[in-house]
Amino acid sequence: MTNENRNQYDMKSFENLKNDCKKCFGFCCVALYFTTSDGFPTNKEAGKPCMYLQHDFSCVIHDSLIDKGLKGCTVYDCFGAGQKVAQITYNGQDWRKFPESASQMFEVFSIMRQLHEMLWYLSEAILKVTDSVSHDDLESLLIETEGLTCLSASHLIELGTASHRAKVNSLLQKTSELIQTKFPKDQKKSFNRKKTIAGRLDLIGVDLRKFNLVGVDLRGAFLIAADLRQSDLKGTNLIGADLRDTDIRGANLTESLFITQSQVNAAKGDASTMLPIRLDYPKAWIK
Ligand code: SF4
């Protein structure tokens, strides 16, 4: 695939996996439980609308979320699950007009978000693998996952995503190991920290600029407030890593593995941060 074709494929395959709040009924503002300590405007129970959600499902304070420091709202990403549930699963019926279906809709939204997250990772893996066997395995799992997202609400609720997620995780892990071999490590400066919290690497607040992180597995690592300025993160596996306030100014993430919009929104970057083409620059970075 040429770089130009790859970029086109990249944009196209992720189009439906990006939030389109105008086609949604504010599911994240109602279905989720949230608290002010997590950067949301209020403490509220799951199923109760946020006090700022308007009748047309827009947010009163949407344009000032960054200024108000409401990180919970600015970081959240549903991977396009919101508009899928609103427009496909429920064919444009909203929870205000059909309150008897509201709790079912919120449950379906949570399942759909998990499936769309899997679609995001599978789409990225397809883009990165070069051998045809892995490509075919990934593509067939992607098609199967897409099929699940088209099930009816009651079938989605019966589904239970655990076994499908396990299948996706196992293939993604195999694929990332394959991809990471393309990025040879520099032994002299290689990264070998072992400290963990609940089995996840603890890199909270660590200055990582002196380490060679190319091709390193940082799956699920706590990178909260770590310093990654100017770091080369080619082939670095960031799936599930906690990037809250991680300084990635000037870092190169164009070929990082499994980075999402939500992680980027949570990090501290600027116009000098290099992102993959499928991810948007957060407004807070380019103010
Ligand atoms: S659930 Fe997704 S699409 Fe809907 S309002 Fe929230 S972020 Fe937007």
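First listed ligand is number 1; within each ligand, the first listed atom is number 1. Quick note: numbers below take in every heavy atom, side chains included, and nothing from hydrogens, waters or symmetry partners.
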Could you name all protein N, O or S atoms found under 2.8 Å from atom 2 (Fe) of ligand 1? C78 SG

Assess the residue pair F14 and W120 against the criterion (ring pair (Phe, Tyr, Trp, His ring centres under 6.0 Å)); give the C-alpha distance rounded to whole Å, side-chain angles, the decisive distance to 0.1 Å, and a yes or no. CA-CA 7 Å; F14 292 93; W120 177 280; 4.6 Å; yes

For [X], is the [atom1] atom crowded, meaning more than 12 foreign heavy atoms sit under 6.0 Å from it?
| X | atom1 | result |
| --- | --- | --- |
| E100 | CD | yes |
| D131 | CG | yes |
| K68 | NZ | no |
| R200 | CZ | yes |

Counting heavy atoms only, which part of F57 comes closer than 4.0 Å to ligand 1: side chain, backbone, both or neither?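 The answer is neither; F57 stays 4.0 Å or more away.
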
Hey, does the Lys NZ or Arg CZ of K234 hover above the aromatic six-ring of F183, less than 6.0 Å from the centre and inside 45° of the axis? no

Hydrogens and angles aside, do H155 and S152 bring a side-chain donor and acceptor to less than 3.5 Å of each other? yes

Numbering as shown, the atoms of ligand 1 that approach F109 to under 4.0 Å (heavy-atom distance):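 The list of qualifying atoms is 1 (S).
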
